[in-house]
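Notes follow the structure.
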2 protein chains.
Amino acid sequence: MKGIRILVAEDEDKLREIVLKYLKKEGYDGFGAADGEEALDLWAEKQPDCIILDVTMPKMDGFEVLEEIRETDNVPVIMLTARREEEDKIQGFEVGADDYVTKPFSPRELMVRIKALLKRSGVATTENKLDVCGMMLNSDERQMTINNENISLTQKEFEILSYFINHQKLVLTREQILDRVWGYDYEGDMRVVDTTIKRLRKKMGEKGECIQTVRGMGYKFKE
Amino acid sequence: MKGIRILVAEDEDKLREIVLKYLKKEGYDGFGAADGEEALDLWAEKQPDCIILDVTMPKMDGFEVLEEIRETDNVPVIMLTARREEEDKIQGFEVGADDYVTKPFSPRELMVRIKALLKRSGVATTENKLDVCGMMLNSDERQMTINNENISLTQKEFEILSYFINHQKLVLTREQILDRVWGYDYEGDMRVVDTTIKRLRKKMGEKGECIQTVRGMGYKFKE
DNA sequence: TTGTTTATGTCATTTATGTGTCAGCTTTGA
DNA sequence: TCAAAGCTGACACATAAATGACATAAACAA
């Protein structure tokens with residue numbers, strides 16, 4: 001699954017890192033630029049899905065950057081301004097900013113704005129419905145539906161199933177599943193995967209057979 | 001359901017588009033005019049439920065437009081003025097504006113004002129009665145009715161329940177609920193959500209089961 | 001004001017449940 | 001037939017959520 005890429009152009013290292021940390025935590029693929037020129041370079045290179053743009057930056061300020069971007073790209077942009085400078089706000093909207101956040105802001109507020117903006121701009125956060133072999137996985141509702149029956153899933157079950165469905169027919173090793181669902185820093189027993197899959201299969205009833213064991217390798221999902 | 005029609009008369013294209021975009025997102029049926037005359041034409045043609053009117057516009061300024069409208073129509077009007085010009089404000093209210101927003105403004109702020117004005121003017125913002133699973137939520141009275149019994153709700157309880165009912169089946173995280181009901185600048189403990197839901201469930205009696213806990217995620221509402 | 005009620009937030013405790021571990025059992029394939 | 005790999009049920013534990021009790025804050029009345 002390709003992540004949502006977000007460019008953070010902000011010259012204060014501290015602040016930029018905080019924002020990036022939060023983005024990561026929210027599951028976005030964030031990267032930072034320390035000045036206007038770097039921001040433009042990264043924009044061109046990575047084609048982000050959203051840009052957080054500080055107004056005051058070395059080399060090029062936020063408005064200049066935005067102006068140049070807007071010549072060819074309609075990517076959603078949130079501008080950051082240091083004080084409640086009314087004029088900045090006007091200028092920002094004129095140049096084509098989509099939203100405005102005044103410093104100081106709470107990271108959470110920024111995350112909310114980002115989420116709202118992405119939604120508004122039609123950037124899909126993730127596929128939220130998957131329909132496979134008479135089974136539906138709905139991530140908004142965190143449940144699967146088999147034969148019109150809703151079956152609720154726990155976190156791990158949901159994530160494993162979702163991983164399988166997004167990589168159908170591929171053999172996934174326990175290690176891959178562990179990394180993906182439990183995270184790279186998981187220290188425990190690899191057999192959790194077995195156990196979780198056992199429980200998942202049980203919940204899936206006869207559809208549990210879609211999760212096939214590949215002896216010596218791992219598992220694969222197939223109708 | 002017939003949408004609420006809102007006319008946006010604003011000569012700056014960019015700003016007008018932003019406002020329209022926000023309106024659409026909020027579920028309104030918005031349309032724009034780029035100058036005073038066009039505004040009058042559209043007003044006559046569409047008979048909007050609310051008008052956003054910029055003061056400075058080509059051909060006819062906002063005051064002239066409003067004056068003409070007010071001869072026959074009492075539609076709620078919000079005026080936009082570029083700077084904090086008190087005189088504008090006075091003149092605007094004299095001519096019959098209902099509210100005033102000074103540029104620059106955040107689209108969000110404008111939306112809040114619109115909602116407030118519509119409410120004040122008796123234009124239904126949304127359905128004010130919701131009927132779900134034998135339960136009725138009445139937003140005018142801030143109460144719910146279960147089995148012909150009226151149960152009054154507190155502010156927070158009401159807002160949470162209303163949020164749930166408007167997003168049935170979706171899993172809502174504590175964070176989402178917090179942002180929506182308490183505002184994203186709320187700094188307190190996230191566990192308020194738990195407590196408020198506890199109280200709400202209690203009031204709902206056996207219908208309290210409609211609010212389901214999704215462990216590790218949040219809550220969802222479902223019959 | 002002052003007192004009273006109500007709403008809301010905080011916190012420590014209890015309760016529930018998801019998850020991890022493990023030992024024994026079953027299946028698989030050479 | 002016999003390892004090796006996978007499955008399973010049982011149990012323990014950590015974590016998340018529910019709850020009750022208390023502390024403020026806001027609303028209201030006298």
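With rounding to whole Å, B/Leu178 atom CG is found 13 Å from C/dT8 atom C1'. Between the P atom of C/dC25 and the CG atom of A/Asp194 lies a distance of 18 Å, rounded to the nearest Å. Note: CZ (A/Arg215) to C1' (D/dG6) measures 7 Å, nearest angstrom. Rounding to whole angstrom units, CG of residue A/Asp189 and C1' of D/dC13 are separated by 15 Å. One can place CD1 of B/Ile197 at 11 Å from P of D/dA17, the figure rounded to the nearest angstrom. The separation between A/Gln155 atom CD and C/dT19 atom C1' is 11 Å, rounded to whole Å. C/dA7 atom C1' lies 15 Å from atom NZ of B/Lys202, rounded to whole Å. A/Lys203 places its NZ atom 12 Å from the P atom of C/dT17, with the value rounded to the nearest Å.
Side chain of B/Arg201 to backbone of B/Ile211: a donor-acceptor contact under 3.5 angstrom is found. Side-chain N or O atoms of A/Asn147 include none that pairs as donor or acceptor with a backbone N or O of A/Glu149 at under 3.5 Å. Remark: side-chain polar atoms of A/Asp49 are paired, donor with acceptor, to backbone N or O of A/Arg5 under 3.5 angstrom. The backbone N or O of A/Trp182 lies less than 3.5 Å from no partner atom in the side chain of A/Lys156, so there is not a single donor-acceptor pair.
Judged by distance alone, with hydrogens and angles left aside, A/Lys198 brings a side-chain donor or acceptor within reach of the base of D/dG9, the pair sitting under 3.5 Å. No hydrogens or angles were tested; on distance alone, a donor-acceptor pair under 3.5 Å links the side chain of B/Arg199 to the base of C/dG9.
OP1 or OP2 of D/dC7 sits under 4.0 Å from a side-chain N or O of A/Arg201. For the OP1/OP2 pair of D/dA17 and a distance below 4.0 Å, the side-chain nitrogens and oxygens of B/Arg174 include at least one atom meeting the criterion. Taking 4.0 angstrom as the limit, B/Thr195 places none of its side-chain polar atoms (N or O) nearer than this to OP1 or OP2 of C/dT8. For A/Tyr219, a side-chain nitrogen or oxygen approaches OP1 or OP2 of D/dC7 to under 4.0 Å. The side chain of A/Trp182 places no N or O atom within less than 4.0 Å of a non-bridging phosphate oxygen (OP1 or OP2) of C/dT19.
Using bins of under 30°, 30° to 60° and over 60° for the plane-to-plane angle, the ring pair A/Tyr163/A/His167 lands in the perpendicular bin.
Both B/Gly188 and B/Ser152 sit near DNA chain C, but only B/Ser152 has its closest nucleotide nearer the 5' end.
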